[in-house]
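Here is the structure we will look at, set down as structure tokens.
Positions are given from 1, in the same order as the sequence printed here.
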Amino acid sequence: MKNKLAILAGTMILGVLGGVHVAQGAVARLSDTDLAAQVTKRLRDANFDSVGVTVNGGTATLTGAVDRLSKAERAYQIAKKTNGLSAVDNKIAVRSEHSDTDIARDVTHAIRMYPYYDIFDLVNGDVKDGVVTLRGAVHLPVHASAYVNLAKEVSGVKVVKNELEVLPLSNFDDQIRLRVARAIYGSGQLGPRYGIQALPPIHIIVKNGNVRLEGVVGTQIDKQIAEQKARFAATYFGFENNLLVVKG
């Protein structure tokens, strides 16, 4: 199974050269050793005890290991805020005992528990050597960012590749989504069995007036009913029924 700093001190000195008053500035710069100490203190204050810091020529290099991508990124952001650094090289490794199977399960759970994950989004993907690839389609740009951030918080995730399609914002598409959803989940045949689930399994993806049904149903008849309800619910340009029949 396919399972990703110097403190600036300025002193104005007034001198007289050839009868002309000139303002001169004196700048004191911290040494690499002092900069490393400042970055280290910042990281320790944020409980990043496993991250090491060296500074050479004003460039800080972060080393060590954390258990998830989000922590490596937070350590980098903390270090970058230290005044006087010219750059930060993030070489923090992500190490975890979680397998790709564990990661796939936990990422799936995190996304499914996101309060705004609904039948108008579809997120799937795979995990390979700790690299998570998210695919599918979302109807709001903020959702794509949220799903990526949720994946980064999972233990063992090294990299998150975002291949999610953000669907165009469209009142016309929104109207189709609502009408198709009401037709499917408001029907007596499907509503009582699928609509009462915490996350209804039939997803309605609409792009530029084209409708796709994605997800799973329990029988071939249910798949046909869902298509029938959707086809007569709204005006659309194209229609695909990609529902999988999964008995269980």
All salt bridge (Lys or Arg N to Asp or Glu O under 4.0 Å) counterparts of [X], not counting sequence neighbours:
| X | value |
| --- | --- |
| D118 | none |
| E97 | none |
| R74 | E153 |
| R112 | none |

Practice item. May I have all residue pairs that pass ring-ring contact (aromatic ring centres under 6.0 Å, His included) and include part of residues 45-72, sequence neighbours excluded? Key: none

Point to revise | Where at least one partner belongs to residues 175-215, residue pairs that pass ring-ring contact (aromatic ring centres under 6.0 Å, His included), sequence neighbours excluded | key: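 The answer is Y117-H203.
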
Membership question, hydrophobic clusters at under 4.5 Å side-chain separation (ILVMFWY): are [Y] and [X] in the same one?
| X | Y | answer |
| --- | --- | --- |
| V132 | L150 | yes |
| Y116 | L178 | no |
| I119 | V123 | no |
| V211 | L190 | yes |
| M113 | V160 | no |

So [Y] and [X], do their side chains get closer than 4.5 Å, heavy atoms only?
| X | Y | value |
| --- | --- | --- |
| L164 | V166 | no |
| V180 | V206 | no |
| D100 | D129 | yes |
| T133 | E163 | yes |
| N208 | P168 | yes |
| L167 | V138 | no |

Review point. Taking only residues two or more places apart in sequence or in another chain, which ones pass side chain to side chain contact (heavy atoms under 4.5 Å, CB included) with T61?
Key: T54, T63, D89, K91

Check your understanding: Does N90 have any side chain to side chain contact (heavy atoms under 4.5 Å, CB included) partners at least two apart in sequence or in another chain, and if so, which?
Key ->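 Scan of N90 (side chain to side chain contact (heavy atoms under 4.5 Å, CB included), adjacent residues dropped) gives L62, A72, Y76, I92.
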
Name the atoms and distances for all side-chain donor-acceptor pairs under 3.5 Å in residues 231-243, with sequence neighbours left out.
from, atom 1, to, atom 2, distance (Å)
R231, NE, E227, OE2, 2.8
R231, NH1, Y236, OH, 3.3
R231, NH2, E227, OE2, 3.2
E240, OE1, N242, ND2, 3.4
N241, OD1, L243, N, 3.2
N241, ND2, K223, O, 3.3
N241, ND2, E227, OE1, 3.0
N242, ND2, E214, OE2, 2.9

Check your understanding: Does any donor atom in the side chain of T59 or N56 lie under 3.5 Å from an acceptor atom in the other side chain?
Key -> no

Review point. Y147 and N162: side-chain donor and acceptor closer than 3.5 Å?
Key: no

For [X] and [Y], work out which heavy atoms get closest and say how close.
| X | Y | result |
| --- | --- | --- |
| S155 | S96 | OG-OG, 3.0 Å |
| V245 | Q220 | CG2-OE1, 3.5 Å |
| V94 | V157 | CG1-O, 3.4 Å |
| P192 | S187 | CD-O, 3.5 Å |
| A151 | V107 | CB-CG1, 4.2 Å |
| N124 | G136 | OD1-N, 4.0 Å |

Atom pair [atom1]/[atom2] of [X] and [Y] - distance to nearest 0.5 Å:
| X | Y | atom1 | atom2 | answer |
| --- | --- | --- | --- | --- |
| N149 | L69 | CG | CG | 9.5 Å |
| L122 | E165 | CG | CD | 11.0 Å |
| T101 | H98 | OG1 | NE2 | 12.0 Å |
| D121 | H139 | CG | NE2 | 5.5 Å |
| K41 | I78 | NZ | CD1 | 12.0 Å |
| R44 | S50 | CZ | OG | 8.0 Å |

Point to revise | Residues R135, D126; criterion side chain to side chain contact (heavy atoms under 4.5 Å, CB included); working and verdict | key: CA-CA 8 Å; R135 301 186 183 90; D126 55 60; 2.6 Å; yes

Exercise for review: Any pair with a residue in residues 49-68 that passes salt bridge (Lys or Arg N to Asp or Glu O under 4.0 Å), sequence neighbours left out, goes on the list, sorted by first then second residue, please.
Suggested key: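 Output for this query lists D67-K71.
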
Check your understanding: Does any pair with a residue in residues 179-194 pass salt bridge (Lys or Arg N to Asp or Glu O under 4.0 Å), and if so which ones, sequence neighbours excluded?
Key ->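 Checked against salt bridge (Lys or Arg N to Asp or Glu O under 4.0 Å) - neighbours excluded - the pairs reaching residues 179-194 are R193-D222.
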
Check your understanding: For L140, which fellow cluster members are found when Ile, Leu, Val, Met, Phe, Trp and Tyr are connected by side-chain heavy-atom distances below 4.5 angstrom, either directly or through intermediates?
Key -> V142, L169

Point to revise | I184/L213 under side chain to side chain contact (heavy atoms under 4.5 Å, CB included): CA gap, chis, key distance, verdict | key: CA-CA 11 Å; I184 291 175; L213 298 185; 3.9 Å; yes

**Study point:** salt_bridge(D45, R42) N-O dist < 4.0 Å
**Key:**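 No, D45 and R42 are not salt-bridged.
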
For the side chain of [X] and the backbone of [Y], is there at least one donor-acceptor N/O pair under 3.5 Å apart?
| X | Y | result |
| --- | --- | --- |
| T40 | V53 | no |
| D32 | G58 | yes |
| D34 | L30 | no |
| N210 | K207 | yes |

Check your understanding: Does CZ in F172 sit with more than 12 non-hydrogen atoms of other residues, nucleotides or ligands closer than 6.0 Å?
Key ->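 Yes - once you tally the heavy atoms of other residues, nucleotides and ligands closer than 6.0 Å, there are more than 12.
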
Point to revise | Over 12 non-hydrogen atoms of neighbours within 6.0 angstrom of CD1 in I221 | key: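 Incorrect, the count does not exceed 12.
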
